[in-house]
**Q** 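Pasting a structure here, questions to come.
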Amino acid sequence: MTDLPIYNPAEIEPKWQRKWDGDGLYHADIDPSMPKHYALTMLPYPSGELHIGHWYAMTPSDARARFMRMRGYNVMFPMGFDAFGLPAENAAIRRRIHPKEWTYANIQRMRGQLKSMGAMFDWRREAISADPKYYRWSQWFFTQLRKHGLAYRKMSPVDWCPNCNTTLAREQVWGDDRHCERCGTPVIKKDLEQWFFRTTQYAEELLDFSNIDWPERVQALQTNWIGRSNGSTVYFQTETQDRLEIFTTRPDTLWGATFMVLAPEHPLVEKITSPEKSGVVEQYIQQALRQTDIQREATDKEKSGVFTGGYAINPVNGERIPVWVADYVLMTYGTGAIMGVPAHDQRDFEFARKYGLEVRVVIQPEDIPTLDGATMPESVPAYGTMVNSGQLSGTPGDIAFEQAVAYLQERGLGKAAVNYRLRDWLISRQRYWGAPIPIIYCPEHGAVDVPDEQLPVLLPDDVEWLPTGESPLKLHPTWKLTTCPVCGKAAERETDTMDTFMCSSWYHLRYLSPDYGPAPFDPNEYDYWMPVDTYTGGIEHATMHLIYTRFFHKACRDMGVVKGDEPMSQLRNQGIVLGEDSEKMSKSRGNVVSPDDLVGRYGADTVRAYLMFFARWDMGGPWNSSGIEGSVRWLRRIWNLFTDEVGKSTAEASTLRVLRRKVHQALSQITHDFETFEFNTIVSGLMELSNHLSRARELGAAGSAEWDEAVDIYLRMMAPVTPHIAEELWDLRGKPYSIHNQPWPEVDQEAALEEQITLVVQINGKVRDRVQVPADIGEEAAKQAALNTQAVHKYLEGRLPKKVILVPGKLVNIVE
RNA sequence: GCCGGAGUGGCGGAACAGGCAGACGCGCACGACUCAAAAUCGUGUUCCCUCGGGAGUGUGGGUUCGAUUCCCACCUUCGGCACCA
């Protein structure tokens with residue numbers, strides 16, 4: 001017995017991590033002679049613990065980045081921390097520890113955990129959004145957006161979390177009960193002066209995904225979120241001689257409008273309401289406004305409303321129709337006013353039936369019986385021939401929309417219009433732990449930008465934490481006192497900070513040059529590295545971060561700060577790792593899987609391999625603690641297989657030919673799967689090949705040139721998945737450091753070709769036999785071989801087949 | 001209600017420009033090694049069966065010589081949106 005080293009990840013993993021780190025192996029620097037690849041994975045929030053979800057997101061991303069590196073790309077794979085945010089403040093209040101201290105302690109701990117992954121992060125490029133050298137530029141971007149009219153301040157009803165004491169963006173309000181994303185408390189409405197970014201200005205462009213390779217799923221979610229509606233604006237006139245604009249997606253039903261409805265907040269309500277109705281209307285509005293959005297927006301709620309006593313004139317037929325107020329019309333969409341066409345809209349129908357308003361049919365779809373407004377049990381929203389519609393009567397359904405719009409436009413009664421569900425992005429937060437909004441309020445000059453040379457507006461460290469929930473910046477005795485940059489007189493700072501999504505909208509740019517002073521990023525770095533080639537992260541950011549960062553990039557493009565239309569060329573999302581009970585992991589359920597424990601027990605390589613293997617990456621799924629044993633055994637076997645003593649090869653030539661064939665076939669498959677992010681079949685392909693290698697070894701293959709080639713290729717293929725063991729085995733075989741600097745092996749197509757193939761013999765589409773034939777067999781010979789099989793003889797009993805179908809290289813189907 | 005995924009052995013999953021269903025792994029069973037166990041190695045493992053076969057990829061149809069893969073209609077489930085005019 002010789003002293004063969006045993007596989008001990010606890011020893012080799014830290015050893016190689018230190019060596020790689022010391023050598024700067026993964027440093028990515030501009031090199032115009034090489035094609036670049038910017039691989040980016042979503043940065044974590046420094047909550048304190050790296051959990052298995054981070055590993056699940058990051059290790060395959062790392063493996064892919066490593067693969068690209070071996071393929072000859074100059075790969076940058078940076079990491080950082082999205083370090084501002086509410087949890088730090090909650091910790092501050094609960095544990096009487098400063099958010100900064102809490103955050104940076106967590107960062108330090110998580111940086112260590114991240115390093116235990118053995119990922120190829122270039123830590124020189126680390127960016128932390130809570131660093132003044134970072135948020136100085138978050139503030140600069142805000143100023144730029146304001147200068148270009150893309151940031152504005154407005155008094156508006158906002159979603160307010162009474163527990164967090166702050167506003168929330170629409171995206172941060174979740175669920176049927178409209179609760180706070182962070183703490184789960186139902187939100188309330190509050191009127192506040194708030195800062196907004198004009199995301200709506202980019203609504204149309206954000207719908208265009210034609211130049212980026214993003215998952216259909218994300219495209220669908222974003223498209224849905226932006227909510228484009230094609231229709232037209234129609235100008236009604238009230239009897240008080242006011243213009244009342246409405247938006248409709250069905251201008252072809254205009255002749256069927258039998259009433260109008262205004263949102264309770266609509267500015268014309270007061271004026272249009274007749275004196276005798278004002279009491280009832282006033283009462284209704286008060287009650288509507290008191291309701292929460294949850295009550296008001298519940299779809300199953302019975303519609304309610306009141307008649308204002310006012311009338312408007314339908315511009316297409318001059319009819320006088322009553323104007324109502326109802327809370328099913330929202331001030332925040334369209335113009336806050338609608339025409340009611342009960343025959344062809346279900347909401348209007350329910351309203352009309354309840355209040356006895358006329359239901360008039362103006363659309364008659366061809367395939368259903370003639371409609372009668374008085375008796376129809378529900379609305380008919382389908383397109384169809386226009387009827388009772390003046391000179392447009394008879395217009396067929398397929399052109400009714402365009403004809404109606406044309407009719408309105410010719411007469412100046414309306415125009416084609418598009419509406420979006422997307423709202424402007426509310427970025428004000430009444431919190432301390434965020435980037436201060438760089439604005440100064442002067443009694444004389446109003447809201448004034450903090451001049452660039454005064455940036456950053458630093459967060460004061462000496463703040464008091466009172467359990468009022470009020471932002472400590474408001475309570476600070478002196479911080480907000482300053483002077484107006486325009487007139488120099490006493491003025492006050494804005495005490496709100498920015499939504500952290502603002503900071504994370506451009507972190508990929510800060511990675512380019514995290515210490516750069518003159519600008520948010522070094523333009524040379526930008527020109528070389530951008531755009532991000534592959535972006536990976538969770539699907540849950542589809543309608544938040546991933547819309548914000550696209551908006552941000554487009555806005556920056558229009559401000560002349562960046563180039564190109566999109567920040568990230570390719571996006572891939574991973575799924576979620578659930579607990580073993582198939583439920584979402586949570587501390588209270590006690591089903592949390594700790595990556596640190598797993599690494600301690602099995603080593604990082606095993607955890608990496610299992611995370612890539614156990615599920616389709618984009619699907620995720622429940623954790624299985626016994627399943628990881630498969631990865632443990634695989635790596636142990638590989639270790640033993642490649643460290644075992646090698647004598648002289650005793651294998652036959654055919655064994656070695658088969659060995660080469662299997663190796664190159666696996667290489668071809670694994671290369672393909674790396675390209676397409678199919679990580680689970682990368683690992684299964686490696687496992688399968690290791691089974692072939694074991695067999696070949698038993699047949700005496702070790703010691704041959706073919707065996708050496710097999711091991712060499714094998715180690716390179718596993719290097720992106722399990723970087724430590726690959727490096728160690730590479731080293732043990734006396735190969736030059738580092739395996740991670742080796743090129744990806746080339747497939748020898750000839751070696752991968754099969755010599756013999758198994759031709760499947762089907763009779764009437766059912767498999768009846770198989771026959772071994774040379775791979776290059778001709779058509780006739782293949783058919784003959786199939787017809788000569790026992791099964792076919794037995795089946796046909798001398799009869800002639802009706803048809804013989806050959807799928808070259810695969811099968812012969814004999815049809816009787 | 002609308003939009004988008006997903007339904008394959010006991011389990012995770014593989015195969016789909018239509019062509020051997022169940023690769024790979026977990027689990028399980030049996031065997032080897034061991035005094036014994038663990039570990040390891042080997043063999044088997046979709047179901048039914050009268051051992052000839054038969055059925056089988058959520059359900060029901062269709063196209064085809066041939067369908068897990070394509071088409072139509074459903075069912076279940078997960079995610080998103082939702083009184084959006």
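Chain A is the first sequence line, chain B the second, and so forth, proteins listed ahead of strands; every chain is numbered from 1.
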**Q** Looking at the side chain of A/N224, which of B/rG27, B/rC20, B/rC3 is the nearest nucleotide?
**A**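 Nucleotide nearest to A/N224's side chain: B/rC3.
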**Q** Anything under 3.5 Å between a donor and an acceptor, one on a side chain of residues 692-699 of chain A, the other on a protein residue two or more places apart or in another chain? List them.
**A**
| unit_1 | atom_1 | unit_2 | atom_2 | d |
| --- | --- | --- | --- | --- |
| A/S694 | OG | A/S690 | O | 3.2 |
| A/R697 | NH1 | A/L641 | O | 3.3 |
| A/R697 | NH2 | A/E645 | O | 2.8 |

**Q** Between N or O atoms, less than 3.5 Å apart, protein on one side and nucleotides 8-15 of chain B on the other: list the pairs.
**A**
| unit_1 | atom_1 | unit_2 | atom_2 | d |
| --- | --- | --- | --- | --- |
| B/rG12 | O2' | A/F614 | O | 2.3 |
| B/rG13 | O3' | A/N680 | ND2 | 3.1 |
| B/rA14 | OP1 | A/N680 | ND2 | 2.8 |

**Q** Identify, with sequence neighbours excluded, every residue that meets salt bridge (Lys or Arg N to Asp or Glu O under 4.0 Å) alongside A/R637.
**A**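 With sequence neighbours excluded, A/R637 shows a salt bridge (Lys or Arg N to Asp or Glu O under 4.0 Å) to no residue whatsoever.
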**Q** Return the set of residues passing side-chain hydrogen bond (donor to acceptor under 3.5 Å, both in side chains) with A/Y333 (not counting sequence neighbours), or none when no residue passes.
**A**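 side-chain hydrogen bond (donor to acceptor under 3.5 Å, both in side chains) list for A/Y333, sorted by chain: A/S229.
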**Q** How should the glycosidic conformation of B/rG9 be described, syn or anti, under the criterion that syn lies within 90° of 0?
**A**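 In terms of base orientation relative to the sugar, B/rG9 is syn.
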**Q** For A/I725 and A/Y7, work out which heavy atoms get closest and say how close.
**A**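 Shortest heavy-atom contact: CD1-CE1, 3.7 Å.
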**Q** Considering only atom C1', compute the distance from B/rG4 to B/rG9 and round it to an integer number of Å.
**A**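 One C1' to the other, the span is 29 Å.
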**Q** Considering residues at least two apart in sequence or located in another chain, which fulfil the salt bridge (Lys or Arg N to Asp or Glu O under 4.0 Å) criterion with A/E629?
**A**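 Here no residue qualifies.
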**Q** Can you list, pair by pair, the side-chain donor-acceptor contacts under 3.5 Å of residues 777-789 of chain A, counting residues two or more places apart and other chains?
**A**
| unit_1 | atom_1 | unit_2 | atom_2 | d |
| --- | --- | --- | --- | --- |
| A/N788 | ND2 | A/Q784 | O | 3.3 |
| A/T789 | OG1 | A/A786 | O | 2.7 |

**Q** B/rC24, B/rC83, B/rG80: which one has an atom nearest the side-chain heavy atoms of A/K303?
**A**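 Comparing B/rC24, B/rC83, B/rG80 against the side chain of A/K303, the answer is B/rC83.
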**Q** By salt bridge (Lys or Arg N to Asp or Glu O under 4.0 Å), which residues pair with A/R616, not counting sequence neighbours?
**A**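 Result, salt bridge (Lys or Arg N to Asp or Glu O under 4.0 Å) vs A/R616: A/D618.
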**Q** Nearest to the A/T249 side chain among B/rC3, B/rA85, B/rA39, which nucleotide is it?
**A**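 Minimum distance to the A/T249 side chain belongs to B/rA85.
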**Q** I'd like the P distance from B/rU76 over to B/rG58, given in whole Å.
**A**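 Each nucleotide's P atom is 16 Å from the other's.
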**Q** Counting primed atoms plus P, OP1 and OP2 as sugar-phosphate and everything else as base, spell out the protein contacts along nucleotides 63-78 of chain B at 4.0 Å heavy-atom distance: B, S or - for each nucleotide, 5' to 3'.
**A** --BS------------
**Q** If you count heavy atoms of other groups shown closer than 6.0 angstrom to CD1 of A/I576, is the number above 12?
**A**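 Counting neighbours around CD1 of A/I576, 12 or fewer heavy atoms of other residues, nucleotides or ligands fall under 6.0 Å, so no.
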**Q** Taking B/rA37 as the reference, what is the distance to B/rA29 when you measure between their P atoms (whole Å, please)?
**A**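 Nearest-Å result for B/rA29 against B/rA37 at atom P: 14 Å.
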**Q** Dot-bracket for RNA chain B, 5' to 3', with Watson-Crick and G-U pairs under 3.5 Å, [ ] for crossing pairs and | for other-strand pairs: what is it?
**A** (((((((..(((......[....)))((((((.......))))))(((....)))..(((((..]....))))))))))))....
**Q** Determine the interatomic distance between P on B/rC16 and the same-named atom on B/rG10; round to the nearest Å.
**A**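 These two P atoms come out 24 Å apart once rounded.
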**Q** May I ask you to establish whether A/R572 and A/W214 are in a cation-pi arrangement, using a distance under 6.0 Å from NZ or CZ to the six-membered ring centre and at most 45° from the ring axis?
**A**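 Not satisfied by the 6.0 Å and 45° rule.
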**Q** Under the salt bridge (Lys or Arg N to Asp or Glu O under 4.0 Å) rule, collect the residues that match up with A/E580, sequence neighbours excluded.
**A**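 A/E580 satisfies salt bridge (Lys or Arg N to Asp or Glu O under 4.0 Å) with no residue once adjacent residues are dropped.
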**Q** Output one letter per nucleotide in nucleotides 42-55 of chain B: B when a protein non-hydrogen atom lies under 4.0 Å from the base, S when only the sugar-phosphate is that close, - when neither is.
**A** ------------SS
**Q** The criterion is side-chain hydrogen bond (donor to acceptor under 3.5 Å, both in side chains); which residues satisfy it with A/S210, sequence neighbours excluded?
**A**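 With neighbours one apart ignored, the set is A/D208.
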**Q** Determine yes or no for a side-chain-to-main-chain donor-acceptor pair under 3.5 angstrom, with A/E350 supplying the side chain and A/K303 the backbone.
**A**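 No: the side chain of A/E350 does not pair with the backbone of A/K303.
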**Q** Calculate, to the nearest 0.5 Å, the distance between atoms CD1 and CZ belonging to A/I321 and A/F236 respectively.
**A**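 Here the rounded value is 5.0 Å.
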**Q** The side chain of A/V329 lies closest to which of these nucleotides: B/rC24, B/rA85, B/rA39?
**A**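 Nucleotide nearest to A/V329's side chain: B/rA85.
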